[in-house]
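To start, the structure under review is shown below, and the notes come after it.
Note: hydrogens, waters and symmetry copies are ignored here, and every other heavy atom, side chains too, is used.
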Amino acid sequence: MRVRFGFVAMAMSLKNASPSQTMTLKQFLQIADRDAALRKLTRIAQSNLANSLRVLRHAHASGVHVYRFSSKLIPLFGHDVTSSWDFLGQLREEFAAIGQFVRDKSMRVSFHPEHFTLLNSPDRTVVDSSIGALERHADMFEAMELDVQSKFVIHVGGGYKNKGGALDRFVANWANVPARVKARMTLENDDKTYSAADTLTLCQTVETPMVFDLHHHMCNHEDGQGDVGPLLKPIFATWENTGLPPKVHISSPKDDKDFRAHAELINPADVLPFLEQVREFNQDIDIMVEAKYKDEALFELMRHLSSLPQVKVVDGGTIDYSP
DNA sequence: ACCTGTCAAGTCTGG
DNA sequence: CCAGACTTGACAGGT
């Protein structure tokens, strides 16, 4: 089975290449000349997009084919104060260049809209703004001319002291999500509220692929359900007909005291038992490395894996894990 | 050069 | 019912 590793947003190996430079609302409002402020936002976005392309080139040159964009590419995009401004028109060439590189090199890319994106909130305005945030991410993928294989991942949402009701509300609100957003959606188990089993059931109901997060599963699972083995087959089944390998997130706990936080690197001992389980399905997967050291953590993990007899290194971000 | 406080968005806790 | 924590990277302002 083939495993492709990817990383998130920025590359530690590159200097001054942040794709997440920003301007806060407060800073924006302090600039008296509104048009100048909007132009400054656009310049920041241009820099973020240029740096995203640099990071993509670096990933590709390193043999990495899976990458998640920063969700802060355009500061204040979607905020009321910028509603009159045509960011996408202004940034057309930058988005097109990224999309062309992704298509030419067959990179698999995604977005993770921030944790304020909640489709199951009891507050209608929160749901509406969440759908708006998802539409803006769809706009950006469309500006890149990338098809629906370029996915979003979000969490199920809040628990609101009634998980069952909150899950029902997710399903009800799903009817109001535009088709172009639904087509790109995937859902991930979280570290506090919605376990892998909860998330899988919801994904089956709304016919959406499930991203399995191994670290979140360690933090949050039903009593006696710490072994994900029995869930793997139905989780992988949610990816059928997408033309994509299932996606898995990995990270290691920072320490015992701060178990849910992400460590700098991936501890191979956290991942190897999982790879052994996946091997039984002989299933190709993409694994997103979510570690403080970003691409460096990926490369460090690859160095470790390359020493194992069951691993054949294909390139800098890909292994064949063989029986 | 380095340290500290602040920042769009929501939810949850605990006082 | 409200203040603060949660959590991440970036940045301004201070030293």
Side-chain angles (χ1 to χ4, degrees), chain A residues 7-12 14-31 34 37-38 40-41 43-52 55 68-85 87 111-137 152-163 165-167 169-170 173 188 190-194 198 213 215-216 219-220 249 251-255 257-264 288-297:
Chain A
F7 64 93
V8 178
M10 70 177 175
M12 296 293 275
L14 300 180
K15 295 297 161 210
N16 301 314
S18 168
S20 310
Q21 298 160 93
T22 193
M23 189 195 305
T24 65
L25 181 64
K26 198 170 171 184
Q27 293 167 287
F28 179 88
L29 294 174
Q30 276 167 0
I31 301 171
R34 192 49 35 95
L38 288 164
K40 185 170 179 187
L41 283 178
R43 282 200 306 278
I44 292 171
Q46 282 170 332
S47 171
N48 288 339
L49 292 168
N51 284 334
S52 296
V55 175
R68 185 199 298 161
F69 289 106
S70 164
S71 270
K72 297 181 197 166
L73 294 175
I74 308 178
L76 302 179
F77 188 27
H79 196 282
D80 285 348
V81 298
T82 67
S83 59
S84 65
W85 193 251
F87 280 115
F111 273 122
H112 195 339
E114 293 185 83
H115 58 282
F116 311 105
T117 308
L118 297 156
L119 291 178
N120 72 342
S121 173
D123 182 340
R124 180 74 191 264
T125 61
V126 170
V127 176
D128 288 346
S129 67
S130 297
I131 290 174
L134 290 164
E135 291 202 88
R136 290 193 297 279
H137 284 84
F152 313 140
V153 60
I154 62 169
H155 297 284
V156 176
Y160 311 100
K161 297 195 170 92
N162 176 4
K163 256 168 52 166
L167 284 164
R169 199 162 47 238
F170 187 107
N173 290 344
E188 171 191 357
D190 70 67
D191 54 359
K192 280 180 138 165
T193 311
Y194 295 99
D198 295 331
D213 190 308
H215 182 191
H216 291 169
C219 299
N220 177 28
H249 292 175
S251 46
S252 287
K254 186 160 173 252
D255 49 50
K257 191 171 81 59
D258 219 356
F259 192 84
R260 298 198 330 269
H262 291 179
E264 293 162 347
M288 190 61 78
V289 171
E290 297 185 328
K292 290 262 180 213
Y293 285 178
K294 310 293 181 192
D295 59 325
E296 305 272 22

(message) Side chain of A/Arg260, heavy atoms from C-beta onward: which of C/dC11, C/dT7, B/dA8 has the nearest atom to it?
(response) C/dT7

(message) In whole Å, I'd like the distance from the CG atom of A/Asn120 to the P atom of B/dT11.
(response) 8 Å

(request) Find the distance A/Met10:CE to C/dA10:C1' and express it as a whole number of Å. (result) 10 Å

(message) By nearest heavy atom, map A/Thr193 and A/Ile74 onto DNA chain B; which one lands nearer the 5' end?
(response) A/Ile74

(message) From the set B/dA8, C/dA10, C/dC11, return the single nucleotide nearest to any side-chain atom of A/Gln27.
(response) C/dC11

(request) Taking only the side-chain nitrogens and oxygens of A/Thr22, find out if one of them lies under 4.0 Å from OP1 or OP2 of C/dA10. (result) no

(message) In this structure, how many angstroms lie between the P atom of C/dT7 and the NZ atom of A/Lys72, rounded?
(response) 15 Å

(request) When you get a sec, tell me which of B/dA9, C/dG9, B/dG10 is the closest nucleotide to the side chain of A/Leu118? (result) B/dG10

(message) Less than 6.0 angstrom from the centroid, inside 45 degrees of the normal: does A/Arg169 satisfy that with respect to the ring of A/Tyr160?
(response) yes

(request) Would you please enumerate the stems DNA chain C participates in, each stem being three or more consecutive Watson-Crick or G-U wobble pairs with both distances under 3.5 Å? (result) B:1-7 with C:9-15, B:10-15 with C:1-6

(request) Looking only at side-chain atoms of A/Lys26, point me to the closest of B/dC7, C/dC6, B/dT11. (result) B/dC7

(message) With a cut-off of less than 4.0 Å, is there a side-chain N or O of A/Tyr160 near OP1 or OP2 of B/dC12?
(response) no

(message) So if I take every side-chain heavy atom of A/Gln21 and compare against B/dT11, B/dA8, C/dA10, which nucleotide ends up nearest?
(response) C/dA10

(request) Return the stacking result for B/dG10 and A/Phe116: yes when the ring centres lie under 5.5 Å apart and the planes under 30°, no otherwise. (result) no

(request) Taking the six-membered ring for Trp and the single ring otherwise, decide whether the centroids of A/His155 and A/His112 are under 6.0 Å apart. (result) yes

(message) Can you check the distance between C/dT7 and B/dT13, where both ends of the measurement are the C1' atom (answer in whole Å)?
(response) 16 Å

(message) Distance check needed: C/dT8 P versus A/His155 NE2, whole Å only.
(response) 11 Å

(message) If I pick the P atom on B/dA8 and the same atom on C/dG13, what distance separates them, to the nearest angstrom?
(response) 14 Å

(request) May I ask you to decide whether A/Lys254 forms a salt bridge with A/Glu264, counting only side-chain N to carboxylate O separations under 4.0 Å? (result) no

(message) Rounded at 0.5 Å granularity, tell me how far CZ in A/Phe28 sits from OG1 in A/Thr22.
(response) 12.0 Å

(message) For a quick test of reading the model: is some side-chain N or O of A/Ser121 closer than 4.0 Å to OP1 or OP2 of B/dG10?
(response) no

(request) Between B/dC7, B/dG10, C/dT8, spot the one nearest the side chain of A/Thr24, thanks. (result) B/dC7

(message) Considering every strand and a 4.0 Å limit on heavy-atom distances, what is the contact class for A/Phe77: base, sugar-phosphate, or nothing?
(response) base

(message) Taking the C1' atom in each of C/dG4 and B/dG5, what is the distance between them to the nearest angstrom?
(response) 15 Å

